[in-house]
Amino acid sequence: MNSWRPDFPILKRTVNGKPLIYFDNANTAQKPQVVIDAVDQFYCQHNANVARAVHLLSEEATAMYERARERIASWIGAAAPREIVLTSGTTMAINLVAHSFLRPRLREGDEILITAMEHHANIVPWQLLCAATGAKLVVAPIFDDGTLDIDALEDLISPRTKLVAVTHVSNVLGTINPIARIAQETRARGVPLLVDGSQALPHFKVDVQALGCDFYCFTGHKLFAPTGTGVLWARYETLDSMSPWIGGGEMIDAVSFERTIYAPPPRRFEAGTPNIAGFIGLGAAIEYLAAQDFQAIHTLEQALLAQLLEGLRGLGGVRFIGQSKERVSVVSFTLDGAHATDVAMLLDLAGIAVRSGQHCAHPLMQRFGIHATLRASLAFYNTPEEVAGFVAALAQCRAML
Ligand SMILES: *Cc1c(COP(=O)(O)O)cnc(C)c1O
């Protein structure tokens, strides 16, 4: 029996009369009871705005909110909680770096280097910046097996490169990129490195200082926490060198109509009332994860991955998109003669949730010459029985289509 499963109440429900098989974890992950309770308890007992009032509830809310920031900082190996900027998600974290860090440093003809396996969130903000400044987006290629061509990436770093932005783990291919090696190269060249960690943290522990990158972004809802929560980590000196992007309450020390003095980081980047309950939930998710055995999680997920790949191979007519040896339990594939969305709809009738489509990665689909894939993405609460059920259901779909 999977010992994590009982912690996630939604896994008990049925879908279309069948027990739910939730294989859409790369889209958003389910929440353990402790996270749901933390959010519930906040609203039932402590609800107030943070850092604004002297009354008791506000003090409690602020303490809980800041406790979440401390937990996040220690979980990812940040030097201090003040290096943690709370955002609404990875998308907002990357846009913040684009506007507050890169834009003032960018001139016409400068370059931003990304890879061919990025999520739209790590493409479009840079394109917007390029359109506004005359900078150029440069894309490092990937191999047919869905691994990054590191030599090509390193060759593409030029004196004009002002930022390298790479995903830690591909949300489509499952590929784990060698961030420490890339960071060595970017540091040697004095180019800042941003890492999109959205798909990494749900599967393994990350130490941002050991990785050697300059910015690390992730989103809470894929990490078993509420939606509308995200994190940008950077060294304090880096954050302190950045101007605010969004202005309003909370991000200032003093305002007059002549002049506004901005608050120090991270508050400088947190204008307005944040998702207080959501971050308290993220703190609870991290407290939950910190108590788990990640070696056991790794072993289980890799066993499920191997079982899934073998089962799919046995079906015949399956094309895998992404075959890296270094990968997480995310599998994208196409089935000969079947549209991904048709298959996903049939799977839903069998109680199975997977994603079909382009996974916010149109350029990656173009790279492989396909329109869409099915994607099964597994978490540590999934089981071998579910994998077997999924493969059997696919065989049935195949027979029906
Ligand atoms: C989900 C995801 C994002 C965007 O996260 P949001 O929560 O939608 O902001 C960015 N990059 C990757 C790799 C993702 O998987």
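Note that this is a predicted model, so its numbers are computed, not measured.
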Answer with yes or no whether the side chains of Ser241 and Arg105 bring together a donor and an acceptor at under 3.5 Å. yes
Specify the closest pair of heavy atoms between Ala26 and Val330, including all atoms of both residues, with the distance to one decimal. CB-CG2, 4.4 Å
Could Asp151 and Arg181 be called an ion pair, given the rule that one side-chain N must be under 4.0 Å from one carboxylate O? yes
Among Ile112, Leu113, Ile114, find the residue that satisfies the side chain to side chain contact (heavy atoms under 4.5 Å, CB included) test when tested with Val138. Leu113
Presence of salt bridge, Glu60 and Arg67, under 4.0 angstrom: no
Side chain to side chain, Val191 and Lys162, heavy atoms closer than 4.5 Å: no
Is there a side-chain contact between Lys136 and Asp110, using heavy atoms and a 4.5 Å cut-off? no
Please determine whether the number of non-hydrogen atoms from other residues, nucleotides or ligands lying under 6.0 Å from atom NE2 of His362 exceeds 12. yes
Determine whether the aromatic ring centres of residues Tyr65 and Phe42 are separated by less than 6.0 angstrom. no
Basic-acidic side-chain contact under 4.0 Å: Arg319, Asp336: no
Test side-chain contact (heavy atoms from CB on, under 4.5 Å) applied to Glu250 - qualifying residues, sequence neighbours left out: Ala51, Arg52, Arg267
Is it true that atom CE of Met92 has more than 12 heavy atoms of other residues, nucleotides or ligands lying nearer than 6.0 Å? no
Side chains of Asn382 and Glu386, donor plus acceptor under 3.5 Å: yes
Just how far is it from atom CD1 of Ile246 to atom CZ of Phe269, taken to the nearest 0.5 Å? 11.5 Å
Are any of the side-chain heavy atoms of Met345 and His339 separated by less than 4.5 Å? no
Side chains of Leu300 and Asn2 in contact at under 4.5 Å (non-hydrogen atoms): yes
Test item: Ser329 and Leu304 side chains (from C-beta on) under 4.5 Å apart, heavy atoms: no
Is it true that the side chains of Glu118 and Thr115 contain a donor and an acceptor less than 3.5 Å apart? yes
Non-hydrogen side-chain atoms of Leu394 and Leu312 separated by less than 4.5 Å: yes
Presence of salt bridge, Glu287 and Arg71, under 4.0 angstrom: yes
Only one of Phe23, Tyr288, Phe8, Tyr22 passes ring pair (Phe, Tyr, Trp, His ring centres under 6.0 Å) with Tyr381, and that residue is Phe8
For His168, which residues count as a ring-ring contact (aromatic ring centres under 6.0 Å, His included) partner, sequence neighbours excluded? Phe204, Tyr216
Does one side chain, of Thr373 or His359, offer a donor that lies under 3.5 Å from an acceptor on the other? yes
Cationic tip of Arg268 above Tyr262 ring, under 6.0 Å, 45° of axis: no
When you check the gap from the basic side-chain N to the acidic O, do Arg235 and Asp240 get nearer than 4.0 Å? no
